[in-house]
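Presented below is the structure to which this report refers.
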Amino acid sequence: MRMYDIIEKKKMGESLTDDEIHFVIDGYVKGTIPDYQVSPLLMAIYFSGMDDRETAALTKAMMNSGDVVDLSEFGDATVDKHSTGGVGDKTSLVVAPIMASLGCKMAKMSGRGLGHTGGTVDKLESIPGFKTSLSPDEFFDQVRNTGLAIIGSTANLAPADKKLYALRDVTATVDSVPLIASSIMSKKLAAGAHNIVLDVKIGSGAFMKTEEDGRTLARKMVDIGKSFGRNIAAVVTNMDRPLGFAVGNSLEVLEAVSVLKNESRGDLRDICVALASNLLSLCYGWSEEESEARANEAIESGAALEKFKEWITAQGGDASFVDDPSLLGKAEYTFEFKAERDGYISHMNAETIGKTASVLGAGREKKTDDIDHTAGIILKRKTGDYVKKGETIALFYTSKEESEKAAAEMFSSAVDFSDESPIEKPLVYGVIK
Ligand code: URA
């Protein structure tokens with residue numbers, strides 16, 4: 001087999017065989033096929049696409065490029081969730097303890113934030129003492145005892161995806177449905193859970209900008225998951241504005257805790273309940289109504305909050321911040337961003353708001369950048385709200401006093417006003433099963 005012929009074949013819009021796909025992934029991971037040959041193949045895939053069989057074969061080859069976690073000792077109640085990435089998305093911190101409080105086992109690997117999106121591992125690291133890296137024995141023991149562990153993705157989980165994703169990032173080939181679907185599903189399948197819920201985000205803060213593209217991606221991923229014998233559903237959700245009010249690591253942890261304390265209503269809680277209830281339906285076969293009621297009950301009874309504290313403590317963290325938020329620390333400077341005119345907020349560009357939080361110190365541009373866990377934004381107003389000129393729309397938290405001007409300019413470009421109340425978009429577009 002020659003890489004040249006495989007590139008040529010895809011360039012002409014033909015389907016690749018399973019063996020050809022395996023040859024590419026195997027050779028790329030081993031280093032026998034260079035970046036300069038994989039790059040044009042990615043671009044050919046970008047333009048010619050891949051059919052379902054090819055996408056499943058690519059997923060399988062990437063999944064098998066490293067460790068495949070065996071969770072069979074926990075039976076069929078293993079659960080996992082994955083978000084395609086967004087701004088202010090702290091749902092894992094709420095969904096995981098809800099699920100564990102109801103007897104499911106969540107052995108989860110998560111990522112760090114990059115660019116405008118946040119990552120669960122960075123959020124968890126804002127908790128003093130919390131360890132995001134555990135040995136395999138510690139990881140399994142914690143799942144056995146607590147029902148829940150979340151660690152950073154290990155180097156050998158789908159290493160082919162790590163290498164390919166880095167190449168896609170610099171060759172303008174990230175936003176391809178078969179490449180995203182196989183990238184996400186190779187990691188989810190390798191992580192071993194039997195029941196998987198995907199949160200496919202659409203809108204200004206997401207990879208998928210339109211509902212049609214989001215649904216296409218969701219369908220592909222669900223079909224791949226089923227073809228590997230997993231219970232799987234995708235909830236297609238709105239990322240046209242940040243989720244909740246907090247953007248930035250420790251600020252988001254505190255907002256997640258406020259949902260678990262049953263103190264917070266609105267889009268964040270609604271999406272958490274939607275994700276948890278879909279997972280409960282998959283896991284226990286409960287009806288939609290029963291699953292939703294059980295997820296809400298886990299919050300209202302305090303069971304999910306107790307499970308959260310137990311989990312944080314088990315993983316080395318100091319959970320006393322739950323009762324005393326000041327223990328998470330506070331950024332040195334707080335700046336107010338005020339409305340420049342009267343009117344309705346007609347749009348808040350989530351991607352630009354994510355980038356603003358990065359400018360304040362909450363995110364990183366390069367993987368090696370340091371982040372400030374206390375930096376970020378608290379939104380005081382959101383899309384659809386009517387504001388008066390001079391009213392505070394957002395609070396910026398930073399330890400870099402000099403970042404205020406750049407952050408304010410960027411944030412200003414993210415917010416549009418109108419005289420008319422904007423048409424509200426749905427929070428959940430649908431569930432694909
Ligand atoms: N998230 C992933 O893990 N992979 C992609 O390709 C896109 C988003």
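In listed order, ligands and their atoms are each counted from 1.
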Sequence neighbours excluded, which residues qualify as side chain to side chain contact (heavy atoms under 4.5 Å, CB included) partners of Asp19?
-> Met1, Thr17
Salt-bridge contact [X]-[Y] (side-chain N to carboxylate O under 4.0 Å):
X      : Y      : answer
Asp141 : Arg144 : yes
Lys30  : Asp26  : yes
Glu351 : Lys209 : yes

Below 3.5 Å only, please: the N or O atoms of ligand 1 paired with protein N or O atoms, distance on each line.
unit_1	atom_1	unit_2	atom_2	d
ligand 1	3 (O)	Lys187	NZ	2.4
ligand 1	4 (N)	Ser183	OG	2.6
ligand 1	6 (O)	Arg168	NH1	3.0
ligand 1	6 (O)	Arg168	NH2	2.9
ligand 1	6 (O)	Ser183	OG	3.3

side-chain hydrogen bond (donor to acceptor under 3.5 Å, both in side chains) pairs touching residues 189-201, sequence neighbours excluded, are Asn195-Asn231, Asp199-Lys201, Asp199-Thr237, Lys201-Thr237
For Glu409, enumerate each residue passing the side chain to side chain donor-acceptor pair (under 3.5 Å) test, keeping only those at least two apart in sequence or located in another chain.
-> Lys405
